[in-house]
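Some notes on the structure that comes next.
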There are 2 protein chains.
Amino acid sequence: MVALTESTTTDFAFDFDRPPPGGTMTRGTGRGGGSAAPRSVDVARLAGVSQKTVSRVFNDEPYVSADVRRRVLEAAEQLGYRLNNAARALASGRTRSIGVVTLGTALYGPATLLMGVERVVRDTGYALRVVNTMEGDPAGMAGAVDSLLDQGVDGIVISEPIDEPGGDVSVRVGVPVLVINAPSPVAAPTVLTAGGGVDLMARAATEHLLDLGHATVHHLAGPRRWYAAQDRLEGWRAALASHGREVPPVVGGDWSAASGYAAGHELAADPAVTAVFAANDDMAIGLIRALTEAGRRVPEDVSVVGFDDIPVAGFVTPPLTTVRQPFDAVAQEGLKRLVHAIENPQADPLPASNAPIDLVVRSSTAPPPPRTTPGRARRAATRPGQGAGI
Amino acid sequence: MVALTESTTTDFAFDFDRPPPGGTMTRGTGRGGGSAAPRSVDVARLAGVSQKTVSRVFNDEPYVSADVRRRVLEAAEQLGYRLNNAARALASGRTRSIGVVTLGTALYGPATLLMGVERVVRDTGYALRVVNTMEGDPAGMAGAVDSLLDQGVDGIVISEPIDEPGGDVSVRVGVPVLVINAPSPVAAPTVLTAGGGVDLMARAATEHLLDLGHATVHHLAGPRRWYAAQDRLEGWRAALASHGREVPPVVGGDWSAASGYAAGHELAADPAVTAVFAANDDMAIGLIRALTEAGRRVPEDVSVVGFDDIPVAGFVTPPLTTVRQPFDAVAQEGLKRLVHAIENPQADPLPASNAPIDLVVRSSTAPPPPRTTPGRARRAATRPGQGAGI
DNA sequence: CTGAAAGCGCTAACAG
DNA sequence: CTGTTAGCGCTTTCAG
């Protein structure tokens, strides 16, 4: 039975004859490094089955007898065979890979999200291709998506994009897209979103401060362009509005501790400031440092809430009250839905679910300093103009 | 390569057809989502040239007249053509992609390194595939490398691996490998290493403390299994040894601030401790918190040096003296060498160069408290700056 | 349950 | 400078 196979197509001038001396070694495929990598037909021959059967085994297709399957697997093992993904992609039109576009920063949020995505993707059996964008990068998002499309991914994840002018992707995207924590910047047949609820988390943070008795809460915002910043801003504003509080002017930062520090000096000068909600922990830490240097104690004089719950948040001085974002849950759910969309093009997308809010209260927040009795506060701020603290 | 899509393109109106029902998809290609993606032969036809010429244009091969090139590009643009990477990889045996194996953590070092690698890889024209390992993951490194090989990468970057039992990759790796900050866990035709010098940085950190007048320096180490931890440990020990100082017992942590905090309580109990070199900033921060809670002031009573220079390091209380790792430089140089090895299999690998040492002195370090008259330590004036290195 | 034939879209020699 | 001829190693029909 083997003989037949032998005389068919491919074996013509077989294996080891090396084409011309181009300088490379071994069959064009760089893979083997030394001897040519085995192909499924080699496995088939060794196992005494057809090439197609090998294919079946490696694709977990049904209708292969246990015995044949075992033989094939053994032969493959013996030869050190591995599926050639390029050939597979070419023949099937699917690459079994998912691309992710992420901000080229080492910011905690995006970085953590990326790790989460990777972990989940792997479980789904897809490979991950990563492309970074940098803020202000002209080609930015469009270029990133484009290069992913060039690579031939089956789906795309866009993680925490920025709202940049011209940031919309005009490229024709033919695969499903998952956008995390933002509205979609692309038009594609299927666009899913995940995350969301950031505004509610921001609102919870703000309300925590309000509940403590602060008359109002100031906000140290992230860069205007970031949706992540916009969401927090909105949540903060909503909390204030729904409690009928005055909405103080927003102070802006760039996510860095240094910017929080700068903003802190500004805020420290205003005695009306007794509570600040910072859009991320780094800025909160910079802010606290500035406040401290200015002689305003945290939390006795000013309360500060951060956002993210970075690993050190609980160990800085004072331990930071913050909101933990459910990155893993978001990544997991989003990807599940993306994969579903990839594999079931006609089916309705799976619905999104809402993440829980995880406010971590530590020691950077406290009731506001007493207003009329300077007894306890060593360096009491000048008294605020008005308003009772609930 | 591939110019592609700016704004002008094609309004062929025809893009997002729904994928056809059932299995009746016309040409197998999943790519376009519905209407078949144009192939190079289509472009050729439209441009009135041979398919091979289209290939030449898209590969920036020489010997194509400017006129023909222009016509091809125009035709391609009009059709919305993009090279099919799977076919290309299959035919050429190269995928033009590089795989990265990284620790599945959000630790600052690995995460930053990954970002750096991505940035550089993109400039080289290669695509990036990422796989995470998790500490303690049984399949760990071997599984990660294996899956990368399955995907068919042209080269592999292993970032800060751990020294795990059975962590060596026994798989046949046929492509060049770059190992960052560790000895190589794989056997491959070409193995490059990058990073290194971590021990020297640790040594500089320790010597800074010694120079300040401390009798000895304690070390809060990272997990034993991590090469990153081992290097710091060695540097510390070497510094002590070369100054003829006593080498105190090592206290161990797991990189987390929480572990630094725990270790801090231990260390605080020992009055002989006046200087500690922590293996990373997170642990240093936890350590400082514990020290402070125990009534030992930093830096008046105890000096602390961290490692990494995480973004908030300069803004915690007190601002942390630490060593900044040159992640970007390491990534850049390492990748340049890896790509060189990929593209010039026979040539000798490019030599590695040494990174400078960047000690950032802030306010967490000071001379030791006077030996006989406790209680009067004053804040030493320190200022940010770059220590000179070796 | 298994096999044979026919490409997927591109690059690789080797002519012209 | 440009075209021709062969496959790369799989997955897909479609037959047994």
Side-chain angles (χ1 to χ4, degrees), chain A residues 1-2 4-5 7-15 18-24 26-32 36-45 47-59 61-69 71-72 81-96 152, chain B residues 1 23-32 36-44 47-69 71-72 81-96 152:
Chain A
M1 68 187 341
V2 181
L4 241 187
T5 342
S7 57
T8 42
T9 34
T10 30
D11 321 326
F12 189 25
F14 209 107
D15 286 7
R18 182 54 210 125
T24 34
T26 76
R27 244 180 33 231
T29 152
R31 265 276 225 47
R39 327 193 287 319
S40 62
V41 62
D42 299 322
V43 175
R45 199 155 358 195
V49 299
S50 77
Q51 183 274 328
K52 172 65 213 181
T53 296
V54 174
S55 172
R56 285 207 177 89
V57 169
F58 276 85
N59 284 297
E61 282 173 34
Y63 306 134
V64 182
S65 72
D67 179 56
V68 168
R69 161 167 270 119
R71 258 162 49 218
V72 168
Y81 169 74
R82 48 194 349 146
L83 256 168
N84 178 321
N85 241 290
R88 187 145 100 138
L90 178 55
S92 69
R94 290 186 44 202
T95 59
R96 288 146 214 269
Chain B
M1 51 189 138
T24 2
M25 187 173 247
T26 344
R27 237 163 56 219
T29 156
R31 261 279 223 50
R39 326 189 292 314
S40 60
V41 61
D42 299 324
V43 175
V49 298
S50 79
Q51 182 273 327
K52 174 64 210 180
T53 296
V54 175
S55 172
R56 286 208 176 87
V57 170
F58 276 86
N59 283 298
D60 275 323
E61 280 173 36
Y63 305 135
V64 182
S65 72
D67 179 56
V68 168
R69 163 168 268 117
R71 256 163 50 218
V72 168
Y81 170 73
R82 50 196 346 148
L83 257 168
N84 179 323
N85 241 290
R88 186 144 101 139
L90 178 57
S92 70
R94 292 184 43 200
T95 59
R96 288 144 214 268

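Each chain gets a letter, A, B and so on, in the order its sequence line appears, and its residues count up from 1.
Computed from coordinates, the B:R88 CZ to C:dA12 C1' distance equals 14 Å when rounded to whole Å. In this structure, CG of B:D67 is placed 13 Å from C1' of D:dT2, rounded to the nearest angstrom. Atom C1' of nucleotide C:dA4 and atom CZ of A:R56 are separated by 11 Å, given to the nearest angstrom. When the P atom of D:dT11 is taken as reference, atom CZ of A:R39 falls 14 Å away, rounded to whole Å. The CD atom of A:Q51 sits 8 Å away from the P atom of D:dT11 (whole-angstrom rounding). Spacing between atom CG of A:N59 and atom C1' of C:dT2 amounts to 15 Å, rounded to whole angstrom units. Rounded to an integer number of Å, the gap from CZ of B:R71 to C1' of D:dG3 is 14 Å. Put simply, CG on B:N84 is 14 Å from C1' on C:dG7, counting in whole angstrom units.
With sequence neighbours excluded, the residues that form a side chain to side chain donor-acceptor pair (under 3.5 Å) with A:R71 are A:D67. Every side-chain contact (heavy atoms from CB on, under 4.5 Å) that B:T95 has, sequence neighbours left out, goes to B:A89, B:S97, B:R129, B:D154. Among residues two or more places apart in sequence or in another chain, the side chain to side chain donor-acceptor pair (under 3.5 Å) test is passed with B:T53 by B:S50.
Across C:dC1, C:dT11, D:dT2, the shortest atom-to-atom separation from the side chain of B:T53 is found for D:dT2. Listed candidates were C:dA4, D:dC10, C:dC1. Nearest to the side chain of A:S65 is C:dC1. For B:A87, the listed nucleotide lying nearest its side chain is C:dC10; candidates were C:dC10, D:dT11, C:dT11. Closest to the side chain of B:K52, out of C:dC10, D:dG3, D:dC10, is D:dG3.
How far OG of A:S40 is from CZ of A:R45: 10.0 Å, rounded to the nearest 0.5 Å.
OP1 or OP2 of C:dG3 has at least one side-chain nitrogen or oxygen of A:S50 nearer than 4.0 Å. The phosphate of C:dG9 (OP1 or OP2) has no side-chain N or O of B:S40 nearer than 4.0 angstrom.
Within the 4.5 Å cutoff, side-chain heavy atoms of B:N59 are placed close to those of B:R88.
Between the side chains of A:R96 and A:N85, no donor-acceptor pair of N or O atoms lies under 3.5 Å.
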Dot-bracket assigned to DNA chain D with the 3.5 Å Watson-Crick/G-U criterion, [ ] for crossing and | for other-strand pairs, is ||||.|||||||||||

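If B:L90 and B:P62 are placed on DNA chain D by their nearest nucleotide, the residue sitting closer to the 5' end is B:P62. Mapping B:A86 and B:E61 onto DNA chain C by nearest heavy atom places B:A86 closer to the 5' end of the strand.
Backbone-only contact: A:Y81 has heavy atoms under 4.0 Å from sugar-phosphate atoms and none from a base.
When all heavy atoms of B:R69 and B:E61 are compared, the pair lying nearest together is NH2-O, 3.5 Å.
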